[in-house]
Number of protein chains: 2
Amino acid sequence: MSSIRDVAERARVAVSTVSAALNGTRPVAADTRRRIEQAAAELGYRPSLLARGLQSKRTRILALLYPTPRSGFGLTEMQFATGAAEAARELGYHLLLSPEHAEPVEELRHITGLGLVDGVLLMEVGLDDERTDFLLEAGVPFSMIGRTRDPGSIDYADIDFAATAAAAVAHVAGLGHRKLAFFNLSADRHAARYGPAIRAGAEFAEAARAAGIGYVDDFRPGSADEGGQAFERLVAAHPDTTALAVMDDHAAVGVIAAVAARGWRIPEDLTLLLVLSSARVAEMFHPRLTTLEPPSAELGGLGARMLIGRLEGDGPPAQRLLPCRLVVGDSSAPPRAGERTGS
Amino acid sequence: MSSIRDVAERARVAVSTVSAALNGTRPVAADTRRRIEQAAAELGYRPSLLARGLQSKRTRILALLYPTPRSGFGLTEMQFATGAAEAARELGYHLLLSPEHAEPVEELRHITGLGLVDGVLLMEVGLDDERTDFLLEAGVPFSMIGRTRDPGSIDYADIDFAATAAAAVAHVAGLGHRKLAFFNLSADRHAARYGPAIRAGAEFAEAARAAGIGYVDDFRPGSADEGGQAFERLVAAHPDTTALAVMDDHAAVGVIAAVAARGWRIPEDLTLLLVLSSARVAEMFHPRLTTLEPPSAELGGLGARMLIGRLEGDGPPAQRLLPCRLVVGDSSAPPRAGERTGS
DNA sequence: GTGAAAGCGCTAACAA
DNA sequence: TTGTTAGCGCTTTCAC
């Protein structure tokens, strides 16, 4: 690799002039600049990020902290990462993928202590997240994909659960349904104070209330089996339910099986919505499910942009909510006029 | 951030002694070492990766080059990334996520030119991959997840297609099937000389031949619709086919629908296998599909380890093939004794 | 408009 | 066993 000295020698100028010419830090005579640029091009010169970073205390590297896949990392999470990486790249930054192990705060301390990264992007943010306390205290710039209960002036990009729930409710109400059930994420996720589980629950209830349709949300199935069971209990307790929104992919699988087992059909006997699942997953189902697809890549990109904005000293905190996109599949239809048949 | 000088002053020694004590580069008196360690601890000292890298020409950062999601990035690809990040972390390295845009080689030139990374991990390697030529020529250490047609002495971790195909064939043959069909990846992927498409095709043919069972593989459906159509054509042309292995998730969806449309059932009328799909995807189907799950995280981890091995100057090239894991679901069963009913 | 020199935090000769 | 010193490649005063 050729260094700035090589360029300077070849262009017969001082290194400081090369630096100035290449960065536009101070005026350089047009002719000198030309010689320098040519020399740099001929040598294939690339300024060393390390040296530059050492000097300027800025590396243009961002760390994306991600929890080691628990039950499994979804497509959604992946898209946060790729979205963020993409946005970072566009702005001349790099994204470091940092797995969090047992002790997230330790991990943070480690990664920020190295002086390697300018800022941190947090994923899977809990309502109360100890990592934010640490970062705030340590004065490390960061932004969140998701948000804590009280984000204060921290930058974040999160799903607009209110708009998402409203869209879902409008969709089913528009089809003529009068009673909607909502299967939230598993009890585990609630116990972990997982924001999406809690916010979606609250917002669906509110949206149903506002729309004046019936609403049930006592279920939190986290697997196919639990999904099937929850569905059976739902039908037993609320036979007038004609539309169901499910947050957990696997639970949806169980619901579909249970529907078929009763001799019912989707969408004739039940309108089924997948909430916060990518359309790619929805396509795996047959019939193709209507889904509220989270704008994952956009959220990741926004998170990265916000962080960079902060690093480059922008203004007020950027806090953005993006609604899920309603992708209508073949699992939604008006409710059947008469009684449902089957067992 | 406190620097090595601060530690040196506090411990009343020279910086070089601190460096030596902390890195074990040269002998340090036990007592001195203690003082240094204590001082470092008290100051919360973390050596700067930048400074160290500038000096040692080694940053302990690896770049994972990933293609910008075309049709869509699967879980599988994600797991390469997380597996690699995990392994890197364990060995004290960091993983940079580098999206490749239009011009992969340009991207490589850029990322390697910065002096930021010690080596590169390549994903989605084609049979003829221009990136390897560049890296070889540039003398940049790298390893591949996947492999070119002729990997020479390049490190790689790839799927063992022969073992995978053998396991699949043994599974269906063991159930008593006499004729297996194989739906390869889409024509697009073949056109792109995508290794897995080509290798899996060849190895399934070979495994079927070796096992002495019938084999058909003229189909390359890349979507649900194409999958359904391919299935219809298959049944028309080879009505004696009782087992089917499918590589594309979406095509499998179409097959399942087509099977149902004929009034057939899985697994009674058709044994269906998903090849190279994660079990997590297989669970989305009902019945749960038997799958040959790629060891994605392991491959990613291996790729990272190999690269690190190379960087730390190990011996001969590491080239590893890992078989897919056969996860038996509810879609495989012995062939039906009599005729199949339905249209 | 340009050059010389200091220094970012660290490692590695070389001396002592 | 420890200290002194010279860089790694760059940016940034400060002179000229």
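No experiment lies behind these values; they were computed from the predicted model shown. In what follows, chains carry the letters A, B, and so on, assigned in the order in which the sequence lines appear, proteins first and then strands, with residues in each chain numbered from 1.
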Give each protein N/O atom lying under 3.5 Å from an N/O atom of nucleotides 14-16 of chain C, with the pair distance.
none

Less than 4.0 angstrom between a side-chain N/O of B:T32 and OP1 or OP2 of D:dT2, yes or no?
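Result: yes.
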Send over the distance from [X] [atom1] to [N] [atom2], rounded to a whole Å.
X: B:K57; N: D:dG7; atom1: NZ; atom2: P; answer: 14 Å
X: B:L43; N: C:dC10; atom1: CG; atom2: P; answer: 11 Å
X: A:L114; N: C:dC10; atom1: CG; atom2: C1'; answer: 13 Å
X: A:I36; N: D:dT11; atom1: CD1; atom2: P; answer: 12 Å
X: B:R52; N: D:dG7; atom1: CZ; atom2: C1'; answer: 17 Å
X: A:R60; N: D:dC10; atom1: CZ; atom2: P; answer: 16 Å
X: B:R33; N: D:dT2; atom1: CZ; atom2: P; answer: 10 Å
X: B:R34; N: D:dT2; atom1: CZ; atom2: P; answer: 13 Å

So if I take every side-chain heavy atom of [X] and compare against [options], which nucleotide ends up nearest?
X: A:I4; options: D:dC10, C:dT11, C:dG3; answer: D:dC10
X: B:A51; options: C:dC10, C:dG3, D:dG3; answer: C:dC10
X: B:N23; options: C:dT11, D:dT12, D:dC10; answer: C:dT11

With a 4.0 Å cut-off on heavy atoms, is A:S19 in touch with a base, just the backbone sugar-phosphate, or nothing at all?
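Counting heavy atoms under 4.0 Å across all strands, the contact made by A:S19 includes a base.
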Charged N to carboxylate O under 4.0 angstrom, [X] versus [Y]?
X: B:E37; Y: B:R34; answer: no
X: B:D158; Y: B:R320; answer: no
X: B:R89; Y: B:E86; answer: no
X: A:R60; Y: A:E312; answer: yes
X: B:R131; Y: B:E107; answer: no

Quick one: closest heavy-atom pair of A:L95 and A:A84, and the distance?
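Minimum heavy-atom contact is CD1-CB, 4.0 Å.
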Report the C-alpha distance between B:R149 and B:D128 in whole Å, list the side-chain angles of each, state the deciding distance to 0.1 Å, and finish with yes or no for salt bridge (Lys or Arg N to Asp or Glu O under 4.0 Å).
CA-CA 6 Å; B:R149 186 196 323 284; B:D128 304 288; 2.7 Å; yes
So does A:Q55 reach the base of C:dG7 with its side chain, donor to acceptor, closer than 3.5 Å?
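Present.
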Record whether the side chain of A:S16 comes under 3.5 Å of the base of D:dT13 through a donor-acceptor pair of N or O atoms.
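It does not, because no donor-acceptor pair links the side chain of A:S16 to the base of D:dT13 below 3.5 Å.
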Apply the test salt bridge (Lys or Arg N to Asp or Glu O under 4.0 Å) to residues A:R189 and A:E124: give CA-CA distance (whole Å), side-chain angles for both, the deciding distance (0.1 Å), then the verdict.
CA-CA 11 Å; A:R189 309 306 293 277; A:E124 300 277 296; 3.7 Å; yes
The criterion is salt bridge (Lys or Arg N to Asp or Glu O under 4.0 Å); which residues satisfy it with A:E298, sequence neighbours excluded?
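So A:E298 forms no salt bridge (Lys or Arg N to Asp or Glu O under 4.0 Å) with any residue.
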With side-chain contact (heavy atoms from CB on, under 4.5 Å) as the test, pick out the partner of B:L62 among B:V117, B:L91, B:L311.
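Of B:V117, B:L91, B:L311, side-chain contact (heavy atoms from CB on, under 4.5 Å) with B:L62 is met by B:L311 alone.
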Find which nucleotide of DNA chain C each of B:L54 and A:P27 is nearest to by heavy atoms, and output the residue with the more 5' nucleotide.
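Taking each residue's closest nucleotide, the earlier one in sequence belongs to A:P27.
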Kindly calculate the angle separating the two end axes of the helix from C:dG1-D:dC16 to C:dA16-D:dT1, each obtained from five base pairs, and round it to 10 degrees.
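One end's axis against the other's: 50°.
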